[in-house]
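First comes the structure, then the notes that go with it.
Residue numbers begin at 1 in each chain, while the letters A, B, ... track the order of the sequences.
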Amino acid sequence: MGRKTDITLLDEKGIRCDGRKIDQTRNITIKAGILKNADGSAYIEFGGNKIIAGVYGPRDIHPKHLADSDTGVLRCRYHMQPFSVPERKNPAPSRREIEISKVIKESLQPAVILDDFPRTAIDLYLEVLQADGGSRCAAIDAASVALADAGIPMRDMVSACAAGKVENTIVLDVNNEEDQAGQADMPVALMPHLEKITLVQLDGMLTPDEYKKCLETAIIGCKQVYEIQRSALKAKYENGG
Amino acid sequence: MGRKTDITLLDEKGIRCDGRKIDQTRNITIKAGILKNADGSAYIEFGGNKIIAGVYGPRDIHPKHLADSDTGVLRCRYHMQPFSVPERKNPAPSRREIEISKVIKESLQPAVILDDFPRTAIDLYLEVLQADGGSRCAAIDAASVALADAGIPMRDMVSACAAGKVENTIVLDVNNEEDQAGQADMPVALMPHLEKITLVQLDGMLTPDEYKKCLETAIIGCKQVYEIQRSALKAKYENGG
Amino acid sequence: MGRKTDITLLDEKGIRCDGRKIDQTRNITIKAGILKNADGSAYIEFGGNKIIAGVYGPRDIHPKHLADSDTGVLRCRYHMQPFSVPERKNPAPSRREIEISKVIKESLQPAVILDDFPRTAIDLYLEVLQADGGSRCAAIDAASVALADAGIPMRDMVSACAAGKVENTIVLDVNNEEDQAGQADMPVALMPHLEKITLVQLDGMLTPDEYKKCLETAIIGCKQVYEIQRSALKAKYENGG
Amino acid sequence: MANKTIIEQLKREQILDLLQEGKRIDGRALDEPRSISIETGIISNAEGSARVKLGDTEVVTGVKIHPDKPFPDVGDKGIFICTAEILPIADPTAELGPPNENVIELARVVDRGIRETGMIDLTKLVIKENKSVVGLFVDNSVINVDGNLFDACSYASVAALLTCMIPKYELQDDQPVQIEGEKSKPPVNTIPVSVTMARIGEHIIVDPNSDEWACMNARITITTNSDENICALQKGGSDGFTFEQLIKCSELAISTGSKIRKQLEAVA
Amino acid sequence: MANKTIIEQLKREQILDLLQEGKRIDGRALDEPRSISIETGIISNAEGSARVKLGDTEVVTGVKIHPDKPFPDVGDKGIFICTAEILPIADPTAELGPPNENVIELARVVDRGIRETGMIDLTKLVIKENKSVVGLFVDNSVINVDGNLFDACSYASVAALLTCMIPKYELQDDQPVQIEGEKSKPPVNTIPVSVTMARIGEHIIVDPNSDEWACMNARITITTNSDENICALQKGGSDGFTFEQLIKCSELAISTGSKIRKQLEAVA
Amino acid sequence: MANKTIIEQLKREQILDLLQEGKRIDGRALDEPRSISIETGIISNAEGSARVKLGDTEVVTGVKIHPDKPFPDVGDKGIFICTAEILPIADPTAELGPPNENVIELARVVDRGIRETGMIDLTKLVIKENKSVVGLFVDNSVINVDGNLFDACSYASVAALLTCMIPKYELQDDQPVQIEGEKSKPPVNTIPVSVTMARIGEHIIVDPNSDEWACMNARITITTNSDENICALQKGGSDGFTFEQLIKCSELAISTGSKIRKQLEAVA
């Protein structure tokens with residue numbers, strides 16, 4: 001349920017409060033392999049989001065009873081720095097962070113081939129340095145690149161982008177102002193080649209038609225993100241990373 | 001130490017604020033076998049108390065170093081729902097709940113035959129849906145039925161009821177108003193056939209004579225409860241439970 | 001950074017607010033072997049500090065994965081009683097107590113010969129009954145006696161005393177008033193025979209010359225403390241302890 | 001953890017075989033939820049309460065109401081918080097201690113489903129703007145687990161809210177004080193209905209029981225409001241959905257939800 | 001856990017054999033507590049303090065006093081809270097970390113014994129009704145364990161309370177401020193004495209030491225006040241008592257308590 | 001724990017052999033810190049921020065500023081709190097969960113180094129004495145570990161503080177309210193520089209990297225201010241220093257610190 005705002009969220013020419021068109025994402029840049037110690041890593045700037053993804057593993061699990069003798073286990077922690085948000089965040093993990101960690105994990109599990117690594121874990125850490133609207137999608141986008149950078153075998157990439165409703169119009173990649181004031185925000189993650197949707201959530205209100213439009217719009221965004229993820233990995237390996 | 005009250009706790013005809021006589025318990029109903037998943041269970045309404053007891057076990061103990069190679073272990077958790085009391089209760093276990101869990105466990109241990117189940121635990125969970133005066137006695141009464149329902153071998157039932165002092169008179173089964181305003185509350189648990197008292201606590205002030213009278217009164221109450229426990233188990237098995 | 005005070009911290013005759021000279025420690029008494037159950041123990045009064053040190057071990061470590069197959073492990077807990085300070089202290093260990101536990105452990109490690117006890121721990125517990133300025137030094141002094149009392153083989157004693165700056169003068173053993181108002185406080189621990197400094201911290205501001213003077217002064221204090229530690233152990237064994 | 005026993009594998013094969021024939025293990029149609037029983041007003045210490053059975057999944061829910069400080073920046077709205085706990089009596093694998101990620105997700109999805117529909121008009125729960133508001137605390141205690149806790153907790157929360165009575169408060173001496181005897185029904189805008197569906201193989205089933213839950217590929221919970229709009233979604237599980245499957249799920253959520261809403265409306 | 005070693009079994013047999021002859025392992029009579037030594041005023045940072053030895057069980061206790069908000073509904077009473085901790089120096093098996101059920105029971109039984117006798121007149125510790133009251137925080141630190149911590153902590157708490165000095169506070173600007181130099185003795189109504197007894201076989205013994213504690217069948221702690229009435233009871237241990245044994249325990253608690261009370265009165 | 005592998009032992013021997021020749025494993029002189037790169041203003045949600053690389057040790061630090069109640073007894077000073085966290089991406093051995101003793105020491109040493117120099121004039125951060133002050137919260141997130149986190153976090157904290165902008169607050173209705181658009185530079189008295197040295201055998205080296213950290217005998221962190229006085233010290237590690245070594249360390253801290261301070265001054 002949104003709050004009132006004085007900002008013009010969408011003008012008569014279809015231009016949004018940050019100058020974007022309705023089918024345009026914010027600026028996205030991804031860089032692979034940015035951490036020395038991690039087995040794989042990536043840094044994403046997605047609008048105002050600045051997020052580092054780091055991967056360790058496959059590695060042994062402690063305590064052992066959490067291990068699975070048939071398959072590897074993907075573990076995921078989404079974590080915001082105290083300074084990443086306007087109001088300083090308490091460093092202890094919030095319930096929101098724990099839920100986001102879980103939905104991110106479940107959005108990536110379908111892509112990661114874990115069967116080759118029984119009794120081990122792949123640990124994925126997502127560190128939000130600066131948070132803006134859509135941080136879970138941005139985190140998934142960086143995570144997918146970091147997993148690939150770590151050499152983890154994958155069925156497909158996972159590319160995420162939200163769509164939403166602003167002034168009764170379905171738009172791509174809702175930003176923070178739009179989310180605060182807005183009518184609906186639907187983060188989506190897609191395996192672009194397998195055409196499987198591995199994350200979908202919704203806050204807001206959509207008619208059945210809007211729901212369909214919103215999904216379609218988000219999928220287009222995911223595919224745009226996929227190209228940026230590919231380029232990031234390519235850049236890393238062309239630079240002999 | 002009680003608080004002042006405007007209620008007439010005991011009138012000249014020996015009738016208490018809720019209409020009971022001094023040697024009368026509140027309404028008690030017990031139903032055995034009410035949960036699908038638990039190995040044994042019971043539901044009790046005892047005055048305003050509404051409590052579910054569930055038993056799992058004998059089952060393996062984790063972590064293993066808590067197991068005992070000579071005998072089984074009885075574990076017990078008394079837990080109040082947030083909505084069970086007038087002021088919403090924080091869901092984390094309070095010190096009061098931890099102490100009550102311990103005294104309930106120690107009131108049941110003498111009855112439960114644990115030696116046949118080395119290295120295992122019998123887990124007893126007491127979930128208070130609605131709390132009124134005397135909830136620990138009510139919990140023990142339900143627990144005893146749930147343990148029997150789970151087929152745990154027992155030396156005897158354990159039947160519990162409080163007695164107390166109201167207007168300088170020893171009365172059976174102190175209710176919440178009497179406890180708040182009252183002079184003494186003494187919960188007692190009894191193994192009716194073995195005539196052993198396995199729980200006794202006291203808040204309040206009693207002369208040595210009153211103490212004796214109070215114990216005797218509580219024991220009479222326990223024996224009344226025992227008949228209700230028996231009927232509950234009988235009803236279950238007659239209904240082919 | 002000190003606070004203002006009305007007390008004359010150092011008069012024209014070089015006498016301090018508690019009547020001491022600049023090179024004089026507060027009263028120190030140490031008694032070895034004061035606890036029945038502990039393997040070794042000591043009680044120190046050092047100015048207003050009243051601290052009990054107790055040692056258990058070498059003993060098995062739980063959980064086992066914390067054990068070291070090559071050597072024993074020294075573990076240390078510095079803990080203040082709720083009533084040990086003017087404002088009642090929350091019983092949970094504070095960050096300050098955790099840090100002090102660590103620096104005390106590292107001040108004693110060089111003296112304790114751990115190699116003879118692989119897979120075991122020596123547990124050192126420091127219980128502050130009453131806290132005054134310089135409690136970490138007093139704790140180390142008691143700890144060293146308690147370790148010796150427990151028969152733990154040691155390369156040397158560890159003797160601790162602070163020096164500091166008051167009214168631009170370097171003084172021995174800063175007390176609480178001096179610390180509050182004062183310019184610098186530097187706790188130091190010394191192995192007197194091996195002439196190794198195993199603890200040094202500083203809060204305050206010292207020129208390089210003052211720093212040297214302060215270290216020298218503290219070392220003199222440590223050597224005085226050492227004599228008291230020796231006497232305490234001697235007294236214990238002469239009394240057939 | 002995920003070590004599937006042979007019995008579990010056989011059960012999955014059996015469930016899949018039946019689904020090929022359009023049947024479910026307990027005889028239901030694919031789009032058929034289990035029977036729902038709702039009892040309200042069962043906890044006199046709570047301002048609202050309900051006991052809901054969804055098949056053998058069973059929940060007791062209480063609504064506690066008390067005045068509170070508003071959250072910063074939303075001083076013009078009351079507080080609504082929904083929690084969930086899986087009691088250790090509910091399931092042999094339930095864990096004691098702080099809630100794990102599954103329980104946190106459960107609570108947050110139930111909370112969001114109700115919150116995002118705007119079921120309760122929180123602007124009507126203000127005692128004094130920016131100073132003091134009414135808080136509604138909805139606590140779900142799961143007492144028996146047989147799959148699909150999301151919907152069971154959601155129905156119990158909605159039923160407890162629909163039947164709660166809100167005390168009246170006034171500021172006296174800057175402190176909120178309850179006015180004895182004046183209670184009112186909650187300001188209800190719409191009735192949210194949560195419908196959880198699982199994908200097993202290529203089949204979409206409504207309201208999975210615990211055998212189905214254990215072998216599903218992915219799940220989705222969709223909450224709709226009285227206008228049959230979609231107000232909250234949550235995909236879960238370690239696999240995904242196709243676009244077409246997600247459209248089908250939304251249709252099922254609306255059609256199934258509409259029937260369940262009638263049952264919820266009847267308790268109010 | 002409960003794996004009793006052979007040594008423990010032999011010790012239990014020895015203790016039982018002696019009890020048959022009316023003797024105890026340390027030579028005491030069955031109704032004889034160990035010697036009690038009480039030192040007070042030992043912690044200058046505390047408003048009251050005591051160090052108590054009950055045989056080789058040893059406790060240091062401090063009373064801290066500061067103004068606080070009253071608990072809701074009891075705005076006309078000061079606050080009294082009693083805690084206990086078994087320090088890791090006290091016993092090789094003492095655990096670090098949050099208190100376990102034994103330590104929680106210890107603290108609550110000691111607290112209740114003192115509270116239920118009404119030892120301190122809390123109505124005299126009000127600075128301003130419903131706004132600000134005086135809080136007494138009694139913290140027991142056990143430094144050596146040799147059985148029967150209940151009584152040792154109780155005596156130390158009572159001795160520290162009897163000798164504490166309560167600062168005077170006034171509200172200034174709605175904040176409680178301490179008036180320098182004005183301190184008073186606590187408002188004492190009665191002196192509680194806790195007596196803990198164990199049943200070993202059919203024998204009841206007073207003040208069990210740790211060997212006796214390890215092999216008892218059940219225990220009971222009874223607190224009496226200066227009028228020799230019974231104000232608090234707590235049964236513990238994994239077995240029970242007969243009615244006759246409980247009557248006998250109450251008589252022992254009164255007779256033994258009366259002697260110990262004289263020793264506590266002497267410290268005030 | 002401390003089970004040193006053969007590889008670690010060989011590395012220690014190699015490091016010691018090189019030190020005998022006055023050389024280090026990465027080619028630096030004994031008194032030479034690694035190169036330091038400092039970027040500021042990188043987090044727009046923070047009032048100040050910095051990303052510092054000290055060799056391959058890397059830290060991101062943010063300063064958050066908000067009004068707060070002053071600590072009791074220091075109502076005439078603002079609040080300064082510095083924390084540190086080693087993120088799990090930073091090192092394969094980093095632990096999740098509450099900070100362990102190493103992380104607590106790290107945070108407290110960095111905090112004390114800055115606090116004891118009096119870098120920020122906290123008396124200028126008072127909104128209303130005893131009522132409301134400005135709080136500076138400096139949070140260090142270590143993102144890659146290659147030894148000597150103390151200095152990396154200290155430089156990042158100082159750089160973030162030097163470049164932070166402090167909002168202006170006024171009391172309105174007893175509540176601190178931010179005045180839009182009015183921001184000022186922090187009141188800086190001096191620039192603290194932390195220099196950490198390790199003793200390996202009899203050699204003192206500046207800014208140990210992680211190989212050196214793993215095999216050092218003892219370490220010391222010395223913080224100096226702009227006047228080249230010594231303001232904070234922390235010895236660590238399981239061995240000690242001689243008096244002469246400690247004097248040498250203080251000289252190295254001043255000479256090395258003086259160069260690093262120029263680099264920090266340049267960011268302001």
Got a second to check how far L114(B)'s CG is from S238(E)'s OG, nearest 0.5 Å?
9.5 Å

To the nearest 0.5 Å, how far apart are OG in S107(B) and CG in D239(E)?
12.0 Å

Please check if the number of heavy atoms outside R230(B) that lie under 6.0 Å from its CZ is greater than 12.
no

Bottom line for I197(B): the part with an atom under 4.5 Å from chain E's heavy atoms is both

CD1 of I104(E) to CD1 of I98(B): how many Å apart, nearest 0.5 Å?
3.5 Å

Can you tell me which portion of N102(E) sits under 4.5 Å from chain B's heavy atoms? Options are side chain, backbone, both or neither.
both

For the atom pair CD (E99(B)) and CG (D111(E)), what is the distance rounded to the nearest 0.5 Å?
10.0 Å

side-chain contact (heavy atoms from CB on, under 4.5 Å) between V200(B) and I220(E), worked out:
CA-CA 9 Å; V200(B) 55; I220(E) 190 164; 3.9 Å; yes

Charged N to carboxylate O below 4.0 Å: is that the case for K102(B) and E105(E)?
yes

If you count heavy atoms of other groups shown closer than 6.0 angstrom to CZ of R119(B), is the number above 12?
no

Whether the side chain of E116(E) engages the backbone of G204(B) through a donor-acceptor N/O pair (distance < 3.5 Å, no angle test) should be reported.
yes

Give, for atom CG of L215(B) and atom CG of L233(E), the distance between the pair rounded to the nearest 0.5 Å.
7.5 Å

Kindly give the heavy-atom pair with the smallest separation between G236(E) and E106(B), and that separation in Å.
CA-OE1, 3.3 Å

Applying a strict 4.5 Å limit to non-hydrogen atoms, the region of A232(E) in contact with chain B is both

For residues 246-256 of chain E, give me every residue with a non-hydrogen atom less than 4.5 Å from any non-hydrogen atom of chain B.
L246(E), I247(E), S250(E), I254(E)

For the CD atom on E216(B), are there more than 12 heavy atoms of other groups (residues, nucleotides or ligands in this structure) within a distance under 6.0 Å?
yes

So which of E87(B), K105(B), Q201(B), Q109(B) has the biggest tally of heavy-atom pairs under 4.5 Å with chain E?
Q201(B)

For the interface with chain B, which of G113(E), G240(E), C231(E) has the highest count of heavy-atom pairs at distances below 4.5 Å?
C231(E)

For chain B, find which of R112(E), E228(E), Q245(E), R108(E) contributes the most heavy-atom pairs closer than 4.5 angstrom.
R108(E)

Could you state the interatomic distance from CD1 (I230(E)) to OG1 (T207(B)), rounded to the nearest 0.5 Å?
8.0 Å

Heavy-atom count around E195(B) CD within 6.0 Å, excluding the residue itself: above 12?
no

Counting N and O atoms only, with roles assigned by atom type, does the side chain of K235(E) sit under 3.5 Å from a partner on the main chain of V103(B), one being a donor and the other an acceptor?
no

So what's closer than 4.5 Å to chain E heavy atoms on I219(B): side chain, backbone, both or neither?
side chain

